[in-house]
Amino acid sequence: MRTLVWYRGKDLRIADHAPLRDAAAGGEVIALFVLDPYFFAPERARELPHRMQVLLDSLRALEANLAQRGSRLWVIAGKSTEVVPRLAARWKVDRVVAHRWVEPFGRERDRRVREALRVRFELYEGETLVPPGTLRTGAGKPYSVFTAFARAFAATASELGKPLAAPKVLPPPPEGISAKTVAIPTCESLGIAPNGNLVQGGERAARARLKHFLEGPAREYDVGRDQLDRAGTSRLSADIKFGTLSIRTVWTEVQRALGRSKAAKSFLNELVWREFAYSTLWDRPELLTKPFRPEFEGFPWGCDEALWSAWVSGTTGYPVVDASARQLLGEGFVHNRARMISASFLTKDLLIDYRRGEAHYMKYLADGDWANNNAGWQWCAGCGCDAQPYFRVFNPVSQGEKFDPNGDYVRRWVPELARMPAKFIHRPWEAPDAVLRAAGVRLDRDYPRPVVQHAGARNRFLALAQEHLAATKRATRDDRG
DNA sequence: TGGTGTTTAGG
DNA sequence: CTAAACACC
């Protein structure tokens, strides 16, 4: 039996990779990655610099890992809907295997490839802990409340099974097959300046991060995860995104290391949120462009370009918001608490459509994941599935003081405020002149005053939202009646 | 996994 | 006077 193992960018590993394991157990293995020239063109790559860098790292690591075990990664340029069927026929494979890609783009691609293939196409579960679409309410409908979903999930989570070990050896590439391959691009060849602040891609680096997390931050995750000024989170998001760690590996390793502790529960709960996001998007692919809650359609978002560019560049005058924006650009990563603060500020204080923020995050996040990112933004904007209520508006000052009490997070990303004392670092505009002078900060010149006044912006949002939501509710009621 | 203005218990 | 409790957005 000859199997084509089709790698597609969200399962870039050899450990706990059931398609690869089964292919090797069944005979000949051809591992393939299709490099679409459209996505890997310099002008496209520059639009996604961080994710591209981590992806290329991970691809090269995969190539090396396969080679080291006697196999080979075939990297072929073209459209996968054309390349996979063509090579499957030319190489006379008996079947094509891959991990199911749950998000809409991958689903559509798989549908088209399946249509064009003349051989079996087997999709394996594994992108999520529980296959999307399997958890249903008593009425047989998708869950719309997280806690209910989580309860149903807990009832099945014991059946996850152990992650598969990485194969020590793999069958050599079959003889007599050939194709025009291409080299895996580098940042340089795509015209991206490599960024040393990004996480290192590839399975080995991912394992090291997992180990580090388990030995340190994971043990007090429940108390450390919200703190902006310390490394209390896992930093595994890009590894999970690219599949350099299988989600099952993360789940079982955390459980193994921490058992049923509060810390473990708190972290695993975050993974359940990810399950919820994937599951919800599976049932409602249109969520990538539309709010989950219909009453938010047509919401009167504003379009102040000056406010938008202040938010993007990290010059809103609210230090914790600005630190968050700059962390995104600098590191391709943002602390989860900072993501929430930023999203709340963009949508509620600046009244800008959450979809603009979502797209900006997808552009610069190394861990950018359609399901998670969309769910997170919709949650913050108040329009998502089991989202926070619209009237919950974060106060950027009190959030800063609560979760970055010494201001170290701000100091790291907003260096012009580095010498501000903790007492005023989250509200420099209130600092006495002497304090500002001592810190070397001239308002408006070194650091801006707030682009909006939070109290006023909050009231404006609440009034607008209240009016819009009431109006749409009236409209749907009239519609029905 | 909030914030704010107001009321109330307690010093 | 402060802080907890509460109602409302």
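Any value given below was found using the heavy atoms of this structure, including those in side chains, with hydrogens, waters and symmetry copies removed. Treat the numbers as computed from the prediction; the structure is a model and nothing was measured. By convention in this document, chain letters (A, B, ...) are assigned in the order of the sequence lines, proteins followed by strands, and residues within each chain are numbered from 1.
Checking Asp11(A) against Tyr124(A) by side-chain atom types alone, no donor-acceptor pair falls below 3.5 Å. No side-chain donor-acceptor contact under 3.5 Å links Gln227(A) and Arg337(A). If you check the side chains of Glu253(A) and Trp251(A), you find no donor sitting under 3.5 Å from an acceptor. If you check the side chains of Gln53(A) and Asn195(A), you find no donor sitting under 3.5 Å from an acceptor. Side chains of Asp16(A) and Ser246(A): a donor-acceptor N/O pair is present below 3.5 angstrom, by distance only. Neither side chain, Tyr354(A) nor Asn374(A), offers a donor N or O lying under 3.5 Å from an acceptor on the other.
DNA chain C is contacted by no residue of residues 332-341 of chain A, taking any non-hydrogen atom closer than 4.0 Å. Applying a 4.0 Å cut-off to non-hydrogen atoms, the residues of residues 398-406 of chain A that approach DNA chain B are Ser398(A), Gln399(A), listed by residue number.
Taking the six-membered ring for Trp and the full ring otherwise, the centers of Phe267(A) and Trp273(A) sit at least 6.0 Å from each other. When ring centroids are compared, Tyr7(A) and His17(A) come within the 6.0 Å threshold.
Nucleotides of DNA chain B lying under 4.0 Å from heavy atoms of chain A occupy a range whose first and last members, 5' to 3', are dT1(B) to dT4(B).
Nearest approach of Pro396(A) to Tyr318(A), heavy atoms of both residues: CG-CD2, 3.5 Å.
Every residue meeting the salt bridge (Lys or Arg N to Asp or Glu O under 4.0 Å) condition with Arg136(A), not counting sequence neighbours, appears here in chain and number order: Asp283(A). Every residue two or more places apart in sequence or in another chain was checked for a salt bridge (Lys or Arg N to Asp or Glu O under 4.0 Å) with Arg13(A), and none qualifies.
Between Trp301(A) and Phe461(A), the ring planes are parallel. Angles under 30° get that label, and only those over 60° would be called perpendicular.
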Would you tabulate the pairs of protein nitrogen or oxygen atoms and nucleotide nitrogen or oxygen atoms of nucleotides 3-9 of chain C closer than 3.5 angstrom?
unit_1	atom_1	unit_2	atom_2	d
dC9(C)	O3'	Gln466(A)	OE1	3.4

